[in-house]
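A quick write-up on the structure given underneath.
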There are 2 protein chains.
Amino acid sequence: MTPPSRHITLKDLARELGVSTASVSNAFNRPDQLSPRLRERILSEAQRLGYQGPDARARTLRTGRSRIIAVVLAETLTYSLNDAVSSELLTGIAEVLDDHGHTLLLLSGRQPGSRQTSGTASMADGFIVYGLMPSAMLLNELPSQRPLVAVDFNIDGQPMVHIDNEPASHDIACHALATPPRRIGVLTLRLTETPCNGRVTEEQPWLTAERTITRARLDGFHRAFAEHGIDPASVPVWNIEENTHDVCAPVIASILDLPDDERPDLLLCMSDRIALTALTLAEQRGLRVPEDLRLTGFDGIAEGQYRAPRLTTIRQDSVEKGRVAARMILGLEAPRAQLLRTELIVGDSCP
Amino acid sequence: MTPPSRHITLKDLARELGVSTASVSNAFNRPDQLSPRLRERILSEAQRLGYQGPDARARTLRTGRSRIIAVVLAETLTYSLNDAVSSELLTGIAEVLDDHGHTLLLLSGRQPGSRQTSGTASMADGFIVYGLMPSAMLLNELPSQRPLVAVDFNIDGQPMVHIDNEPASHDIACHALATPPRRIGVLTLRLTETPCNGRVTEEQPWLTAERTITRARLDGFHRAFAEHGIDPASVPVWNIEENTHDVCAPVIASILDLPDDERPDLLLCMSDRIALTALTLAEQRGLRVPEDLRLTGFDGIAEGQYRAPRLTTIRQDSVEKGRVAARMILGLEAPRAQLLRTELIVGDSCP
DNA sequence: CTGAAAGCGCTTACAG
DNA sequence: CTGAAAGCGCTTACAG
C-alpha cells in the first residue's frame, strides 16, 4: 500500500528502496554505473510507485542544460505559423532537434517581450533568430552567454545561415527580360523604414541591407535592368508590408486596375505569395498569364508549383536552412556564416 | 572594474551590493516588497554588471512553474507546421499564451518519444494534445499531475475542445444531395486501422469514433444518404492517410481516371486539402467543376476561399479552438468538454 | 559497484 | 522595509 503522495521524488524512491539517490539517478541516466540487477529493481519499483523519471526542472538547473532550443521569430507567431517559407524553416529545425532529443520553444520578437516571456527565454540552451528584427530589444534580453544563430539576416559577430539573394534575383530578372517587356513593375517586401503598402516614392528612406533581405533582392533586379539597358530608376516599385494574401491583395489590385497603357506586363515579385495573389487577381480580371501579364516569384513554395499556371520562381530550400541552423546551434556543425544555393525554376507564369 | 565573471548570479549581485538575496529577488519580482530607492539601486547595478535577471531555470525549480505550455501533436511537426488547420490551431494557442506571458513548446507524438524528449516534456506547466494519437505511449509519459486538454479527440476524464462533426457533415451532404448526383464518392482521412491509401473494402476494420473524427463525419454523411433514399453501403469510400497534396493526389487521380460511367460526379471530401487537390487534378483533366464534378470540402481554409472556383465547405474556427484550449490550460476558463460551432459555406465547387 | 554530500540559482515564509 | 535560512529535485565528483 503506497500512500498516493502528492508527488513522488527521486529521493522518496531511494528511501523506499534503501539505496542512495545517486543509484536511482544512475538507473535512469547512466545504466553502466550500476549493476543490471539493481537497475532493474529501481526501475520496476519506480514504475510501481508511479515515478515518471527524474524531474526535468531540477535536472535542468543542476546540469545547466534544458534540451530546449528557442526559435525567435521576427514576425508574429500567427504569421510565422501560416507562412509557407517560415513553416518550412521550422520544419527543418524541428527535424534536427527531434533527432537529437531536443525540443522547440517558439518565441516571437513582435510582442514587446513582456519581462515574463523574455524571462522564459532563458530556459533555452540556444537561440535561432529568424528574419528582420523589429527592434533590438528582445535580442538584448537574450542570455548573452548562450549560442545564437541568425537566419536570413546579420547580427555582427554571430554565425548565420542565408541565401544568395542578389545573384538569385539577378538570374530570375535576366530570365524575364530575355523577352522584352513593355512595362515592368517590382513588388517588394518590407523595403521602407516606415510601413508602406503601395507605390514607393523617392523620398522614403529604405531599410539597410543588414536589416532586410529585400535590399539584396532589389539590387539583383537593378543589376539585371542595367545590363539590359533599362534605367533602374525608371522602374516603379510597390511595397508590401506583410507577405499575406490579405495585405498583398489591395496593392496588387491597384496595379492591375491601372489603365492598359500604364499597367505593367511583367511583375517581378519578391515572394511566391505575392505572385500567387497577383495570379488570382489577374484571373479574376480576365487578364491572361503569361500572355497579358508575366509574373515571377521567389521562394518556390509548393502552392506555386501545384496550381496552373506554375510559377516561375527562385527555389530556396528553407527546410535545409532550418536544418543547418539547428545543427549549428547544437554544435554538430561549425558555427559560421553559411550560404545556401538557390535554383531558378522556369514555370508557366513567365516562360 | 568588474572582473567579467563567467556568469553572474543573483547571489553575486546581492553580495556586491551588500543586500540580501531576498531583496534582489524582490527587486525583480515584487516591486512592492522593497523601497523604490533600494530597488532602483539594485536594478541599475544589475544593468551595470550585466545581470539579466533571475535565471528561469532556477526560478522554475523553485516555484514549480515554467510558464511553458507544451502542445503535443499527433502528427509529425513537419505536417503540423505546414497544414493550414493545425497551423491555425497553433496560432490560437500562441495568441493566448503570449497574452499571458507563457510560451509554446512543440512536441510530436509521432517520434516514439525518446526518453530525452519525453523527459523535456515535464518542463511544461500543462499540455494541449491535438488529434489522433498513434499510440498511448507519449501520453502515458506525460506528468500525470499536470493539466491536460485534448483537442479533436477524447481522453477519458479530461477536458476537451471539439466541433460538431456529425451534424456539420450531415449539413453539407444534404446541401450537396439537394441536386441529385449520378454517382457519389466519399474521401475519408485516416479511417482504417491499418494504413490505406485508396478504396476502402468491407473487410478493413475501422478506427473507433474515440480515436478519429473521421467516424463522426462519415456518420453524418451516411445519415444524409439514408434521408435521401441512398443506401450508405452503396457509396464507395476512398481513404487517404495524410492530409497533404502528395498523398492525396494518387488516390484522387485513380478516381478521376475511372471510365466516365464509373466516375463519381459528386465527391464529398473530409478536408479542404483533399478537395483542393481534386480540383487541381480535375482541371488538369479538363473536367469542369461544378458542371462535370461537384466537390465539397471541410475546414474552410483560406486557400480554398481565395481561388476560383471557391470551395463549398464547412468552416470551423481552428484559431478559436486553439484559444479555448489555451484558456482552459491556463485556468482562465473552466476545464470541460466544449463544443464549437461550424458553418456551411456554399461556394462554387458545389453550388 | 555503491553511498554521503555538496551545490545548481533561485523564492518565500518568517523573524526582526 | 530588510535579511538569514530553508529547500525546490536533481547530478556529479569523490571516497569507500
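Quick note on labels: first sequence line is chain A, next is B, and so on, each numbered from 1.
For dA13(C), there is no paired base (Watson-Crick or G-U wobble, both distances below 3.5 Å). Base pairing of dA4(D) is not made with any nucleotide, judged by Watson-Crick or G-U wobble geometry with both donor-acceptor distances under 3.5 Å.
With the nearest nucleotide of DNA chain D identified for both T21(A) and A58(B), A58(B) has the one nearer the 5' end. For the pair G18(A) and N29(B), nearest-nucleotide mapping onto DNA chain C gives the more 5' position to G18(A).
Listed pair S35(B) / dT2(D) meets the phosphate criterion, a side-chain N or O lying under 4.0 Å from OP1 or OP2. Within the 4.0 Å cut-off from OP1 or OP2 of dC10(D), at least one side-chain nitrogen or oxygen of Y51(A) is found. For dG3(D), the OP1/OP2 oxygens have a side-chain nitrogen or oxygen of S23(B) closer than 4.0 Å. In terms of phosphate contacts, R65(B) brings no side-chain nitrogen or oxygen within less than 4.0 Å of OP1 or OP2 of dC8(D). In this structure, R62(B) does not reach the dG9(D) phosphate: none of its side-chain N or O atoms is under 4.0 Å from OP1 or OP2. Residue R57(B) places no side-chain N or O under 4.0 Å from the OP1 or OP2 atom of dG9(C). Within the structure, every side-chain polar atom (N or O) of T9(A) is placed at least 4.0 Å from both OP1 and OP2 of dG9(D).
When the P atom of dC1(C) is taken as reference, atom CD of E40(A) falls 15 Å away, rounded to whole Å. A straight line from CD1 of I42(B) to C1' of dT11(C) spans 14 Å, rounded to a whole angstrom. Straight-line distance from the CZ atom of R59(A) to the C1' atom of dT12(D): 14 Å, rounded to whole Å. Taking atom CG of residue L38(B) and atom C1' of nucleotide dG3(D), one finds them 11 Å apart after rounding to whole Å. Look at CG on D12(A): it is 13 Å from C1' on dC8(D), rounded to the nearest Å. As a whole-Å value, the separation of L34(B) CG from dT2(D) C1' is 9 Å. Rounded to whole Å, the distance from CZ on R37(B) to P on dC1(D) is 12 Å. Atom CG in D32(A) sits roughly 9 Å away from atom P in dC1(C) (whole-Å rounding).
Smallest separation of non-hydrogen atoms from L49(A) and E16(A): CD1-CG, 3.8 Å. When every heavy atom of H102(A) is checked against every heavy atom of D125(A), the shortest pair comes out as CE1-OD2, 4.1 Å.
For A22(A), whose side chain is taken as the heavy atoms from C-beta onward, the closest listed nucleotide among dG3(C), dC8(D), dT11(C) is dG3(C).
Screening V129(A), V72(A), I128(A) against L148(A) for a side chain to side chain contact (heavy atoms under 4.5 Å, CB included) leaves a single residue, V129(A).
Backbone-only contact: R30(B) has heavy atoms under 4.0 Å from sugar-phosphate atoms and none from a base.
Under the 3.5 Å distance criterion, with hydrogens and angles disregarded, no donor-acceptor pair is assigned to the side chains of N26(B) and S23(B).
Under a 3.5 Å cut-off, the side chain of D98(A) and the backbone N or O of E95(A) do not form any donor-acceptor pair.
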